[in-house]
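Report on the structure given below.
Both counts, for ligands and for their atoms, begin at 1 and track the order of listing.
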Amino acid sequence: MRSDYCGTLTAKDIDREVTLCGWVDRRRDHGGVIFIDLRDREGIVQVVFDPDTGEHFNLADRVRGEYVLQVTGKVRARDAATVNPNMATGEVEIYGTALSILNEAETTPFPLDSHSSVGEDVRLKFRYLDLRRAEMQKSLRFRSKLTNVVRNYLDEQGFLDIETPILTRATPEGARDYLVPSRTHESKFFALPQSPQLFKQLLMVSGFDRYYQIAKCFRDEDLRADRQPEFTQIDIETSFMDEEGIMSVTEGMVRQLFTQLKDVDLGDFPRMTYAEAMQKYGSDKPDLRIPLELVDVKDLMGEVDFKVFSGPAKDPKGRVTALKVPGGNEKLTRKQIDDYTKFVSIYGAKGLAYIKVNDKNDLEEGLQSPIVKFLPTEARKGILERVEAENGDLIFFGADKATVVSEALGALRCKLGEDLDLYTREWAPLWVVDFPMFEEEDDGSLNSLHHPFTAPSCSPEELAKNPAEALSRAYDMVLNGTELGGGSIRIHNQNMQQAVFRALGIGEEEQREKFGFLLDALKYGAPPHGGLAFGLDRLVMLMVGASSIRDVIAFPKTQSAACVMTDAPGAVDEIQLKELNIRLRKKEKPAAEAKAD
Ligand code: ASP
């Protein structure tokens, strides 16, 4: 039906006769001559029809935005005065000789020009139209190129692309499962995979040695901003490779993506331990583009006559830390400081103390702050020295349980970086290593920080003795404060796997019921193995500079995990439920409503 894409025509094509198919981006009537901007996935070209073309001109007069056309014409140079340097095809236009309308279009529910400010709900409801916008086309094309580079790279490195099941048993990654009822097995359910974790490990037991898959994963989480219940991973597993080997292959992959697709050399990625990341940045995914650091001052605060500081200073689980904003005195208004106080409260911080350093040599009059009167001179001096304060700096403080302080001031650090545009470079990748095996819940129980198949760096006996202190052989790749991927060396020995299950409070019976197949497999010559998975959506989002993960997924779910276009999830009819042996429970009404009935 066509000879060329609209968006690819250039001066080289002048005098060629072409046939194009595409959508009407714009139609203008310029005193008897009709201009149509015809658009396809490669871009836009201008088509001109003049009245000499008779019936074709009349048709051109009829077309409206988003009509689908087939146009034949000759490529010609534009007049010097009308050359459009902002358009890839701006040097040429098509002198149209024939036109047929392949389909008409009603007026679209929102204008498709890329600066359209229509709400996201409308864009998602008419996603097929939203995807016509150049920006969206560009992002999805980038995504396709990216997966292509990934496949080529991994293929060259000897990785095999192997699919794993979608209908399966629970694969714990710390979220709720999406369940699928089975019709053929009454009262039984499949779970959609939270990741292909166990299958890829079993592929290692089978000897495939290097596996990858661009895999869909499903996690029924309470949706935090910018998460998707269904997302894509570049999932990787290898045998007979240690941490160094795996990190080097996967770092190479990300470096190649950046050189090939963005012409950016990321260089070698630095390494940082989890402990250092939490201490300096309050986060296990530090954004190293921001030059601010948390500086602990707990030891200076034990004896001060100010409970807000001395309490956490004396608490072994407490943390008292300072965050210096160089020049913050001038840069931050009172209103901003109030806003930051509200901001840290989201993370559980009860307040945000600060000191403005007007004159660092005058510890009595030179410090301006609602709290400075509570701090003895020694403490003031200690703080200024510790953070290396200069006149004009502003120092924020966090004092609370360590988890609250790290989260709140870690987030504040990133917010300050963004608000004050403190970024020192465009890309800051790193590896975070030496994670704890477990995180402790308030009730003392343990949860895996990664997943229960991650190998500890200690023996099963040491693990049993002091699980809370055990470190894992896990590693996360972080870019600009976002976790791009994470993985670990796995447990390949049944005893060790059972020791970890025990530490997690998973008893013998539950182990067999849920993971019997894995424990069995580990008995039959499981090789040492490990791997990693990258969040593909997030990687694309960072690389194209999109502000939301939804902008790099063709058909994403909303924040409440629904598809407004297809209206999913939807109700099912009684017959289907019957086949599945499912009876829906009536949702219990809140007490007040029930009474009113
Ligand atoms: N399965 C892990 C995840 O989804 C990644 C890995 O350990 O390879 O986060």
Side-chain angles (χ1 to χ4, degrees), residues 150 154 159-166 168-178 191-205 208-221 224 227-239 241-243 245-251 253-254 274 284-285 431-439 447-457 471-479 482-492 496-497 500 504 515 518 526-539 549:
V150 166
L154 292 174
F159 284 80
L160 304 175
D161 176 4
I162 304 177
E163 287 171 80
T164 54
I166 294 292
T168 175
R169 275 196 84 103
T171 43
E173 296 280 358
R176 284 196 192 87
D177 289 319
Y178 274 100
L192 303 184
Q194 292 187 32
S195 82
Q197 185 60 36
L198 293 175
F199 290 102
K200 67 175 173 173
Q201 289 190 229
L202 295 175
L203 287 171
M204 294 305 107
V205 179
F208 286 103
D209 194 272
R210 289 185 171 206
Y211 142 99
Y212 87 96
Q213 184 182 191
I214 311 263
K216 268 287 171 91
C217 303
F218 306 86
R219 298 185 190 176
D220 185 2
E221 293 180 281
R224 278 182 265 154
R227 290 251 180 155
Q228 284 284 306
E230 169 182 357
F231 62 96
T232 309
Q233 283 187 344
I234 306 166
D235 196 40
I236 292 172
E237 196 75 7
T238 71
S239 300
M241 261 183 147
D242 59 12
E243 291 89 325
I246 296 170
M247 286 157 93
S248 140
V249 171
T250 51
E251 183 177 317
M253 184 185 89
V254 172
Y274 171 87
D284 59 359
K285 33 183 181 295
W431 286 103
V432 178
V433 296
D434 292 344
F435 284 84
M437 271 296 277
F438 307 109
E439 53 190 353
N447 274 333
S448 293
L449 206 75
H450 279 84
H451 49 61
F453 319 106
T454 303
S457 349
L471 294 183
S472 73
R473 296 177 68 186
Y475 32 78
D476 278 3
M477 188 190 285
V478 175
L479 181 64
T482 297
E483 182 194 325
L484 272 193
S488 57
I489 298 300
R490 325 297 185 189
I491 299 167
H492 66 284
M496 179 63 102
Q497 187 61 72
V500 169
L504 289 167
F515 305 112
L518 174 71
H529 62 286
L532 169 147
F534 290 99
L536 174 67
D537 313 285
R538 212 159 287 279
L539 178 59
I549 203 165

Atoms in ligand 1 with a heavy atom of [X] nearer than 4.0 Å:
X      : value
Ser195 : 1 (N), 4 (O)
Arg490 : 6 (C), 7 (O), 8 (O)
Ala533 : 5 (C), 8 (O)
Lys200 : 6 (C), 8 (O)
Gln197 : 1 (N), 2 (C), 5 (C), 6 (C), 7 (O), 8 (O)
Leu532 : 8 (O)
Gly487 : 6 (C), 7 (O)

Parallel, tilted or perpendicular, judged at 30° and 60°: which one describes the rings of Phe435 and Tyr274?
tilted
Looking only at heavy atoms, what is the nearest atom pair of Ile549 and Gln228, with distance?
CG2-CG, 3.9 Å
Of the non-hydrogen atoms in Leu192 and Thr168, which two are nearest, and what is the gap between them?
C-CG2, 4.4 Å
Nearest 0.5 Å, please: how far is OG in Ser448 from CG in Leu504?
4.0 Å
Does any non-hydrogen side-chain atom of Glu173 lie less than 4.5 Å from one of Pro193?
no
Whether the Gln213 and Thr164 side chains hold a donor-acceptor pair (N or O, under 3.5 Å, no angle test) is what I'd like checked.
yes
Which residue and heavy atom of the protein sit nearest atom 5 (C) of ligand 1, plus the separation
Gly486 O, 3.4 Å
Residue, atom name and distance, where the atom is the protein heavy atom closest to atom 9 (O) of ligand 1:
Glu173 OE1, 3.7 Å
With a 4.0 Å cut-off on heavy atoms, is [X] in contact with ligand 1?
X      : answer
His450 : no
His451 : yes
Arg219 : yes

Of Ile489, Ile491, Leu198, the residue whose pairing with Phe453 passes side chain to side chain contact (heavy atoms under 4.5 Å, CB included)
Leu198
Please say which of Arg490, Gln197, Arg210 ends up in a side-chain hydrogen bond (donor to acceptor under 3.5 Å, both in side chains) with Glu237.
Arg490
